[in-house]
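What follows is a set of notes on a single structure, which appears directly below.
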Amino acid sequence: MRVSAEQNRIVMIEGKKTLWLEPWGKDAFRVRMTGEAMMDPQDWALTEPVEDCRMEVSVEEVDTTDPWYATREYTQYHQSGKIYTAVNGKIKAVINPEGWISYYNQKGELLTEEYWRNRNRINRYCTSLRIDARELKPLPGSTDYELTLRFEAYDDEKIFGMGQYQDRHLDKKGATLELAHRNSQSSVPFMISSRGYGFLWNNPAIGTATFAANRTEWHAKSTKKLDYYIVAGDTPFDLEERYADATGHSPMMPEYGLGYWQCKLRYRTQEELLTVAREHKRRGLPMDAIVVDFFHWTRQGEFKFEPRDWPDPEAMVKELRELGIEPVVSVWPTIDERSENFGEMSGKGYLVAPDRGMAYHMSWMGNTVFYDATHPDAQQFVWEKCRENYYDKGIRCFWLDEAEPEYGPYDFDNYRYYAGPALQCSNVYPLGYVKGFYDGLKAAGETEILSLVRCAWAGSQKYGALTWSGDIHSSFRAMREQLQAGLSMGVAGIPWWTSDIGGFIGGDIRDPYFKELLVRWFAWGAFCPVFRMHGERSPWYEREQEFIDGVRQLTSGQDNEVWSFGEENYEILKKFLFIRERMRPYIRECMKQASETGAPVMRPLFFDFPGDGKAWEVEDVYMFGPDLLVAPVMEEGLREREVYLPAGCKWTDAGTGAVYEGGRSVIVPAPLDIIPVFVREGRECPVYE
């Protein structure tokens, strides 16, 4: 192995493998390794210009007085005999003569180190296992590799972030996570550790991340190179800010993103949608956005209103804007074989291609193929159709659904993109999808850009991606899972997040269980980054099926407006609509902080109270911005709940006015019309009147 310091980069060469370690902005390193003659140039998420930092490199000779170092086994494989140390601000990398890397903070405390199990005495874990930390195994007959990267495990370590997974656990220690997108699952592979570092797996390949008791392991089934980013910081906020510097900051949230969004499956006609908007305003209720959901179009892939049911979109947009409501239009990336655009898109290579078998990816409501959102020209093509048929009619906010994309089945080894085989790059799809609309809107002169997207990857935030948690079930269990999903997305660098209030699948508006669930979820929604009602509301299939020119028209579903669940519940929901309005100035400041620093809007307690050990363990309450602690009620029939209040300040119960000393748990009342919210000492924020 040969090690050298070259032009602000440490280079290690062993056989055909070359590794680069270099500073990547403040307090961070980027590490890349290839088995080819040239390093793959793809930057994936690390596309932002970062501060030019010069690392300090020192070299220490290894003490070779031990007879071991004169043995043939050592000299044959480990020729450097030197320890290289590189320092970039608050992070230090130490490269052992065998080639494995340890990372320390500026205090000299070990953050993490590679898992290396070889039979050499210079390794403190000297064993006969012969397991290396970095494995690039060639896939026969190709220039592709199966990749595994291993780090040591630590009993005291807690791991947070990684995107959105449907389970209850905020702390990912002990979890195995699929690095792949699915409906309701978003793989955003940035994590922060309680040991004081952040780590980005800068690779959109299909694989797994395992945070086991014996080791941490990252795996890609097929890739060109190893690529990761590691950053040190004194606080979780430091880590988020450095990460945002490297992958992109979210823009400032548009004003209409701060209020209430009305949505359902679905408003069948233009008149049906306008009737709801008019009634909402007649009742004096605030509403910032309303959604024209899927299948308002002629055919999938034609990206335009069906003229019988949506006869005058310009007039609709004009009236909504006069009411102070932003219209949002759903776009799907599915292209029906009967679409007027199918032939041209197929001929130009704008569709995702199969390596074998039939080309169709979905058969619901038509035989369809996903367009290739990794192809710049395909992005432009889709935007131009949406510009002509939507934007030119006044639409400026889009709902980019099916963004994983939702393959049926998820046979990633059978799909191929402009950017490469799906196994190598599938996770970048939602980023390309939202980027196409961001670029188009920006070129059209828009300065406030937001797209509601059903998936994200590292860097999606810089394109104005508002993610939501997909087609989740209408149950208290699912509600509890969405709490950690939203917090994990924030930690993973995606600050704009929402869920379908009440859940999407299975909510019967006549069922008392669902009505209670909806009220509790609605109250929590008022304290999420975006406050948005949605759901199919069973039994939606009771409505009569219709066809226009042989194209099936999806039904409207049951009612989903705040007055649809009984008069008593209506009064509660109305109460939270106005609570959200009173908090608008506060939420605007939270969004500004998120844009400028990368700080999550909703975040675990340890962000604001890193010195409180208990704050790293609590998973059922969270901070909404710097001043409010929110404790959602996520169990049926519960009318009080226990809340942990972090140490270091006093807390005022916004509902009762009671003041509590921090550093302890309290039992507080939680009647159906109250979500427990606490205001931090010395701060003011209007919640309950």
Does a sphere of radius 6.0 Å around CD in Glu109 hold more than 12 heavy atoms from other residues, nucleotides or ligands, not counting ones at 6.0 Å or beyond? yes
Tell me which pairs pass side-chain hydrogen bond (donor to acceptor under 3.5 Å, both in side chains) where either residue lies in residues 519-534, with sequence neighbours left out. Ser499-Trp521, Asp500-Arg532, Trp524-Tyr622
Close aromatic pair by centroid cut-off 6.0 Å: Phe522 and Tyr260: yes
By side-chain contact (heavy atoms from CB on, under 4.5 Å), which residues pair with Glu279, not counting sequence neighbours? Arg282, Arg283, Trp563
Residue pairs involving residues 623-674 (criterion ring pair (Phe, Tyr, Trp, His ring centres under 6.0 Å); sequence neighbours excluded): Phe609-Trp651
Looking at every heavy atom in both Ser184 and Gln166, which two are closest together, and how far apart are they? O-NE2, 2.9 Å
Is the distance from the ring center of Phe607 to that of Phe237 below 6.0 Å? yes
Under 3.5 Å, is there a donor-acceptor pair between the Thr597 and Gln593 side chains? no
Specify whether Phe527 and Phe576 have parallel, tilted or perpendicular ring planes, treating 30° as the upper limit for parallel and 60° as the lower limit for perpendicular. perpendicular
Tyr438: which residues meet the ring-ring contact (aromatic ring centres under 6.0 Å, His included) condition with it, sequence neighbours left out? Tyr463
Any idea how Trp332 and Phe295 line up, ring-wise: parallel (<30°), tilted (30 to 60°), or perpendicular (>60°)? perpendicular
Suppose we screen for side-chain contact (heavy atoms from CB on, under 4.5 Å). Which residues come up paired with Ala478, at least two apart in sequence or across chains? His473, Ser475, Gln482
Counting only pairs under 3.5 Å, give me each side-chain donor-acceptor contact of residues 661-673, with atom names and distances, residues two or more places apart or in other chains.
unit_1: Arg664; atom_1: NE; unit_2: Glu661; atom_2: O; d: 3.3
unit_1: Asp673; atom_1: OD2; unit_2: Lys575; atom_2: NZ; d: 3.3

If you count the non-hydrogen atoms of other residues, nucleotides and ligands that lie under 6.0 Å from CZ in Arg582, is the total more than 12? yes
For the salt bridge (charged side-chain N to carboxylate O under 4.0 Å, His left out) test, which of Arg584, Arg580, Arg321 pairs with Asp288? Arg584
